[in-house]
Structures are given as C-alpha cells and as structure tokens.
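Data block below; observations after.
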Amino acid sequence: MSDTEHGHRYTAELAGQIEKQWQDVWEEQGTFEAPNPTGPWADPQGVAEREKVMIQDMFPYPSGAGLHVGHPLGYIATDVYARYQRTQGKNVLYTLGYDAFGLPAEQYAVQTGQHPRKTTEDNMVNMRRQLRQLGLSHDMRRTFATIEPSYYKWTQWIFLQIFNAWYDEDAGKARPIDTLVEALESGRVATPDGRAWAELDATERAAAVNARRLAYKSDAPVNWSPGLGTVVANEEVTADGRTERGNFPVFKRNLPQWMMRITAYADRLVDDLERLDWPESIKLQQRNWIGRSNGASIRFDVENHEGAQLEVFTTRPDTIFGATFMVVAPEHPLVDTLVPDTWPEGTKDAWSGGATSPREAVDTYRREASRKSDLERQTGEKGKTGVFTGAFATNPVTGRRMPVFVADYVLMGYGTGAIMAVPAQDERDWDFAAAYDLDVIRTVQPSEGHPENKPFTGAGVAINSATSGLSLDGLGIEDAKVKIIEWLEANERGSGTTTYRLRDWLFSRQRYWGEPFPVVYDENGEAHALPESMLPVELPDVADYSPKTYDPEDAQSMPESPLSRASEWVSVELDLGDGRKTYTRETNTMPNWAGSCWYELRYADPANDERFVDTGCEEYWLGKGRGFGKGVANDPGGVDLYVGGAEHAVLHLLYARFWHKVLFDLGLISSEEPFRKLYNQGMVQAYAYRDGRGQPVPAAEVTEREVDGETVFEWQGERVTREYGKMGKSLKNVVTPDEMCDAFGADTFRVYEMSMGPLDASRPWETRAAVGSQRFLQRLWRNVVDEGSGEVTVTDAPMDDATKRALHQTIDAVSADFENLRFNTAVARLIELNNTLTKLDAVPREAAEALVLMTAPLAPHIGEELWKRLGHDTTLAFEPFPVADPAFLVQDTVVAVVQVAGKVRDRLDVAADISDADLEAAAMASERVQSFLEGKTVRKVIVRAPKLVNIVAN
C-alpha cells in the first residue's frame, strides 16, 4: 500500500494533532471540573450524597529545568486512576498546584538579580505546558501556587491559629490560648515557677502564656552556616558537617528561632499511624523519627556542686549497676558549671586530651564538635572522641564515683543530652571505655560462647546487680526494669518515663523567598500576632536577595535576613487595639514546608476568600467515613489517595499531619488526618556514561558497537563507561516528555510509562522500548479505522463465544487492575485482547467500544477520538466502565497435571467440569504417561478433578 493509501495511519504526527484537539476541547468545556457541595462551584442538583474520590499528587516544585520522563510517572498514574474512577460514577477531585517558595529560585535571583517571582512564574508556565500535553485531567480551576498572596494569606492565618493555641494535656488536644489563661488563673495548670497567677505581673503572665504556645520563639540549637548566612535544617547538612548547597561548614549554635511544638502531638502521631492505609515502611520511618521509648529518668548528683544534678533518660535502667562513667553533649547547659580550674586527683592521662586544664580541654573539644553534623556525630566512623570535664558524679544505686565526659556522640537534641554509660551493654560506650581506660562491669549474663572482648547487647538475666536493700540478680530484663524503677521512685532518685526522639520543629529561615510571619514586635521585644484583617503580610521587593554572609569559619556571627534590610517594611505603624504604635516586623520567613502543610484543604475550596476552606467542602471531600473511608472503623478522614516519592516519608508527612491535627482540635475541620491512603511510586532510572576523567557525558550522544564480541560505548570517538542511576541533569541522562511526545505522541508515552513495571518499583528507561506501546495503539486504531480511507470498519454482527469470553475476562481483570493501581498488568491484558481482535475478519462494535473505554484511562486522546468516530457525540470521560458478564468468566477448560511417582509427566487440557472417572481415564490414556508406566504396576490412582491426577506405581 502506498504512502497516500496510509493517509490515516496513526503516526506520531497524527497523534499530536488528535491530542492537541482534545486538550482544547477538555479545557473549553471544563470537562474535568468537579462540583462542590456548597459555594460558587456547587452543582445545582447537589452532590452531597454523590460518592466522591479525592486524588492528590505530592506538590511539585517548578524547576527551571522542566520535567524529565521520571517526573510524570506518578502524575500519569493518578490521572489513569482518576479517569477510571469517573467511569465508576464517582465525583473526582483531581488537580495540581505548585510548591513555589524555596531555595533554588532565591539562589538564581542572587546570581542574576532577577526577582524569584519572575523565575518561578516562568518555570510554572513551562511546567503547565508540559503537563497539559500529557492530557492530565486536572480541574484547572483548583490549581494554585504557594507564592500567591491569596494562598499564603491562609498559611499565615493557620500559623496564627497555632500561635494562639496551647496543648491541654488534660483534654488531650489543642485549645485556644484564652482557655490557658483560665487554667492558669484557676491553678489547674501551674505557672512556670509555681507561684499563683495573681502574684505574677503582666510581663511574667505573658511569659507564662508564651511558654505553652504551640508556636513560640526560643533559643534553639540550630545548624548555622556563616558561609551561606542562614540556618539550615538537619537534612540539608552532609555527613561531614557541611551544607548540601555550597559545601560550607556548619556550626551548632543556640539562636532565637520560631519553633512549632510538634512534640505535644508525639503520641497521637505514632498511635494514629494504625488508622492509616500507608506502606508499612513509611509508618516505620515515622515511628523511628518520633522515637517513642519507655524507660526511666535518673538523677545523678555532681560532686562539689551542691544541688547540681545530671538527669539522664535510659531505656535500660536495669543496667545501672554497670554504669561506670557519664557523658554529656558538648551543648549541655551544665558543662560550663561543671568544669573546674584544674585537673582533679584521679584524672588519667587519657582523659585530658593533653590540655593543661579542664577549661582548655573542654573549650577546644566543643569548638571541634560544633563543626560536625548530627549524622557524623552519630555514625562516628573515625572512632569515639571526648574529653573529661574534670567533674565526677555519683551513681545513686552503687555510690560509685563516675567521671563525667563531654563527647560528641551524645546529642543535646535527643533525651536529656546526658547519658549514664554502661560499656558492657552498649557498643558505643564500650568503644569509648576502651579508648579512655574506663571500667567495664557486666550486668547481663552473656550467652554461651560470647567473646570476652565485646559488649553483650542481647537479652539475659541480671548479674553483678545487688547492693544493700536492692538486688536485681537473676531477674530478666523486664522484671529488673520494673524493680529498679520502683526503687528509684521510692528513693526519689528517678521515675518511670516515656521519652521521644522527636524535637520541636525549627520554623525559621533567614531567607527572602518564603512566607513572611504575621508577627510584629513592640519596643520591649514582645511578639504580637496580627489580626486577620491585616493578612496577607506580603513580601516586599528588595534590592538584594542574599542573606548576609560571613567568613565560612566565623562561628560566632549572627544571621541577618534579606528582609531586615527593607527598612520601610520592617518598621511599621499599626493600631493593634491600643492606639497607633511603631512595631518591628519579623524578618525571618517560614520554611519551604509551610505551604505544603495544608494544601489538601485548599484544593477542596480554592476560590474561597472568606475562609481557608468551607466546612461543607472539607467535610465532603476529606471528612470521616466518606470516599475510601466509607464503612471503615475508626476512619480518620483525609485525601482518598495521595501519591508521591518515598523521599518525603518523614518530614513533609509528619509536618502536614501535625498542622491537620491542630486544625481538627480547634474545631476548624472535621478530618483528623490529611492523607487517608498513601502510595509511593518508584523512580525512573537510566543509563549514564562517564569519560576517562569520570565526568558524565551526554547519554543521547553515546554510540555503541561490537568489538571482538564485546559491546563498547563511545562519545566523540572516546570510549566511555556505562552505569545505571537515577535520571537527572547531573548525570546528563535526561529524556524529556517533550521529546517523547514529539517522537511518539503523549498517549504512547503514557502507555509506556504505565507498562514498564509495578508502579511502586523503580524501572529502567529505554526510549526505544516505547515502540511496543506505539504498536499497541496503532493496532487499536486499525481495529476501528481503515488507514487508507479513514472509515470506521467495525461490524454490528454479534460476537462469537470465544471473543465474548476473551472480552469479559479482560474487563474483569482490567477493572481489578485499575482499582488496585496495577497498570502494567492492565496494559498487558489490553494488548492481549487487542491482538485477539486483530485476528478476526471484522471487529465487532461491542468489543471495539469496550476496548476503547478500557484503554481510554491510559490513552485518553486516542480513546476520545475513536469513541467519536464510533458515532458518539459526547466525551467518554463519564461513560460507565464495561461490566463483565459472570457467565463468560467461567473457564471452559483447565490444565490438569498428571504425576507418576510424584513427578509431573504430562499436562492435559480438560473440561472444567470433568468427572474424576473421566479425568482418570484421560490420564491413563496419555501416551507420555504410558511410557513412564511401562514395566510397572499401578498401585493407586489419586484424582482431584479437574486439576490433578497422581499415579502411584512400582
């Protein structure tokens, strides 16, 4: 057939034309706009009783580099799922916004002088174009960016709700701050120093209230990078104690910062994981991050310091008889108090670090420790280091004199910042004791054969654990814990305690490109929340977007935000209820996490200017017992399906859960959790190539050829090595959706991404392999449309039984696959059915239409086009998904296995309803079976129709 006779062939060019046309239609007709139960988008007929599904992707950041083919993997999957749910008659909320505040845009602004808003908005324009060409069925009315004042007005408003709330332990929830004043007045809640509320002056009362706010200002140990001029989060610090961006040294400093009291919610954040449909691996990471531990707090008196005590938390109080020294973090507030002028008697040479005095030793060590990240301090690959403070503590149980060391493997942020060291039962303590010539006393009986030169960390009975009036010897760990805690409490030396690894959330950044705080300070430095009428507090324009930077080694420097230089904005006259006064604005900004802490709520009602979300809309889309929570016991509510990368397993999810719970406690929303079901998609990996210097070279320019039977790779005539890694700019192995759409069309790209493997698994990218997906769509096209004339070729003749059976079994299987996000197997089944239809002389309309409807969630553009050509004048987006006829799901034949002497000797295709007698006769008639029975006597025949015959012979 000539090229002109192929004028209607489904090529990349024709696919592109079809895709653009349907994208325009969807946009013009608002096809995917989901009605709300109330407000301006309410359906006149009402949707309150209509079943709904809310599907959400994790917030993307609009990068200047645009998307590569790995980015849309989750978006295409959620789109397929959203389209399928619409065919089930569901009201589907599916949209996408942009997490547009952040460091990359600000750094680009620093380099170019271009406002970060301009850069970010340009990036969003490009990203919207790329997403549109993929045919994603987003409700575009609901899209927004965190940088829009109309959005961050409500981010600021939520901050104020948190600021104006406290956690009432008696009620087990957050309550408005005025109820705290009532509790302080009545004495139900004690003041910080125990005095009656009436005895406190105004300043002291304000301090008492501020001390319990859920958002508060505090001196906190932070990662200060003078070279960057800002505080950085733990996750932004490399293992060697330097900034991820810029490679500057990081120092631990106590600086005034805004904090969020997330620790008040630690128990609920752990316990409510059981109510969520999340991967167990993600739940485990959250539990480990929160780090809830049960044990005991124990107080150790410090020699020659009357009243001074070191308090430790330990999960193994039963090992206290083996505590031979103590260790405090370099940042511990008692360090300065403990250190004497001279080395005391009993100081060993190994303890002093060669210093002439304890002060010299401790100061030197603390400076060195401040240069290390928490991760580096914990892993301690170079061995444990520390120095004697010159102080001794007393073991409250044994009376033993215990030297107190400063060591960086103890972190101030965990526990109390001090530990009792039991080297016989802890590897880190053992290594430290070996390095510093410290005693080791075993308090748990090691298992038989355990090496003498190693600590024993397993379970066993207590040994060497007795003193006057107390003996743990012979007890197992749990019984010993109970007994020692009883003793500690009876003797007022400690108590049973639950502690957490989780620390309060550092909520300040010395950055420009972030949400301003809705807070001002008076002449006394007291913080005042702005009223809602003054929101949003918009970012001012500044000439310099850089925070003030210092010599990278200047650890004593202080942060100075770019906003602090906007003097006209910083100093402001306001009337906050007691006349106009001059106030100073907060010049830090919120961290990039803030905007993504509540965006699921705004998607439900983004046009609302009066409230962050309408109560009816929130209850409908996220409320308990609705959507996927219908009929689920103890359902917490939330988004029905939330899809994103596992890299956000802890921080984003934890922070969003915290904000959501506060809003629930304050009666502002009906759902207790933001995300009911979580699914983590895998990543796309691709080959990368390096030259002789180890530098990446453009993967697209690499050629391969055979040399002496071996495949070699070359770039510009030079041999290069091949490796496998995550797709990205750094490895120069990026393939963009634009390239794929140009070469194959968006539908082919979508089908290929969904066919590459299970959605939650990483998958290798191979552009050439997309040809298989293209051929599937081309065959589908040919099964409906004549490539020469463009005429529809399907027949209205009825299907034969074999075709009906193939069709209905595919419908049944693909329905289950879509429902359970098994898109790769759905594609395989559709290809198989398509091939079955291809072999027919003419394709029955009933089969063609069902196949088009089933393929449409994966390849919506060709689906719409074929549906229209098949004679339908409305979109197939809401057409009911085909329903399988149970009569055609019963198999006609099955494979029966025939064993002789326990080994499979033949397989027979038999009727599904075959009798035992007929199956035995068929097995015995098999030539293969008879060849294995030759010369043998059949002793017994076991028949399990229709699938098994076992012949026993000898």
Side-chain angles (χ1 to χ4, degrees), residues 9-16 19 67-77 79-80 130 133-135 681-689 696-706 711-715 720-728 731-783 814 817 821-835 838 854-855 857-863:
R9 173 180 285 173
Y10 184 76
T11 61
E13 182 180 4
L14 178 58
E19 288 158 5
L67 300 176
H68 62 62
V69 294
H71 292 127
L73 178 64
Y75 307 152
I76 294 172
D79 182 66
V80 173
Q130 289 185 300
Q133 75 177 344
L134 298 179
Q681 87 273 10
M683 67 175 64
V684 171
Q685 298 173 307
Y687 285 120
Y689 302 85
V697 302
E701 299 174 13
V702 173
T703 59
E704 61 181 82
R705 62 190 181 94
E706 294 290 323
T711 302
V712 299
F713 305 96
E714 296 177 336
W715 178 69
V720 294
T721 58
R722 184 170 76 169
E723 63 185 57
Y724 209 47
K726 183 178 180 181
M727 186 176 286
L731 290 179
K732 297 186 178 181
N733 60 350
V734 163
V735 178
T736 69
D738 304 64
E739 297 172 61
M740 294 299 297
C741 290
D742 289 344
F744 298 101
D747 279 341
T748 293
F749 172 55
R750 288 170 59 107
V751 172
Y752 177 54
E753 287 236 325
M754 293 298 95
S755 69
M756 293 167 69
L759 182 59
D760 59 353
S762 293
R763 71 272 325 275
W765 181 264
E766 177 52 70
T767 298
R768 289 172 294 186
V771 171
S773 298
Q774 185 181 43
R775 286 175 182 156
F776 161 54
L777 297 181
Q778 288 174 329
R779 290 191 184 107
L780 172 63
W781 181 266
R782 283 198 298 270
N783 277 333
V814 169
D817 286 341
L821 308 175
R822 296 191 299 258
F823 303 127
N824 60 316
T825 55
V827 171
R829 298 182 205 277
L830 292 170
I831 290 173
E832 185 178 354
L833 176 62
N834 195 45
N835 291 342
T838 300
M854 287 190 286
T855 304
L858 293 154
H861 309 91
I862 191 174

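A donor-acceptor pair is defined here as one N or O able to donate and one able to accept, closer than 3.5 Å; such a pair exists between the side chain of Arg750 and the backbone of Leu858. The backbone N or O of Gly728 lies less than 3.5 Å from a partner atom in the side chain of Asn733, making a donor-acceptor pair. Without hydrogens or angle criteria, Glu739 side chain to Thr736 main chain gives a donor-acceptor distance under 3.5 Å.
Distance check: Leu777 CG to Leu830 CG gives 10.0 Å after rounding to the nearest 0.5 Å. Here the CD atom belonging to Glu766 is positioned 14.0 Å from the CD atom belonging to Gln685, to the nearest 0.5 angstrom. Atom-to-atom distance recorded for Asn835:CG and Arg779:CZ is 5.5 Å, nearest 0.5 angstrom. Annotation: the span from Met854 atom CE to Leu780 atom CG amounts to 10.0 Å, rounded to 0.5 Å. Distance CG/Leu759 to CZ/Arg822: 12.5 Å, rounded to 0.5 Å.
Shown here are the salt bridge (Lys or Arg N to Asp or Glu O under 4.0 Å) partners of Glu704, two or more places apart in sequence or in another chain: there are none. Applying the salt bridge (Lys or Arg N to Asp or Glu O under 4.0 Å) test to Arg829 and every residue at least two apart in sequence or in another chain returns Asp817. Take Phe749 and apply the ring-ring contact (aromatic ring centres under 6.0 Å, His included) test, not counting sequence neighbours, and it matches no residue. Under the rule for a side chain to side chain donor-acceptor pair (under 3.5 Å), the partners of Trp765 that lie at least two apart in sequence or sit in another chain are Thr767. In this structure, the side chain to side chain donor-acceptor pair (under 3.5 Å) partners of Glu723, at least two apart in sequence or on a different chain, are Arg690. Listed by chain and residue number, nothing satisfies the salt bridge (Lys or Arg N to Asp or Glu O under 4.0 Å) test with Asp760 (two or more places apart in sequence, or in another chain). Remark: Tyr687 engages Tyr724 in a ring-ring contact (aromatic ring centres under 6.0 Å, His included) (not counting sequence neighbours). The side chain to side chain donor-acceptor pair (under 3.5 Å) check on Asn834 picks up Asn783, with sequence neighbours excluded. Checked against side chain to side chain donor-acceptor pair (under 3.5 Å), Glu832 has no partners two or more places apart in sequence or in another chain. In this view, Glu19 and Tyr10, Ala15, Gln23, Ala746, Asp747, His861 satisfy the side-chain contact (heavy atoms from CB on, under 4.5 Å) rule, not counting sequence neighbours.
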Side-chain donor-acceptor pairs of residues 769-776 under 3.5 Å, sequence neighbours excluded:
unit_1: Ser773; atom_1: OG; unit_2: Tyr752; atom_2: N; d: 3.4

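For Thr711 and Glu706, the side-chain atoms include at least one donor-acceptor pair closer than 3.5 Å.
When each of Leu134, Val735, Thr748 is checked for a side-chain contact (heavy atoms from CB on, under 4.5 Å) with Met740, only Val735 meets the rule. Each of Val697, Val702, Thr703 was evaluated against Glu714; a single residue qualifies, Thr703, per the side-chain contact (heavy atoms from CB on, under 4.5 Å) test.
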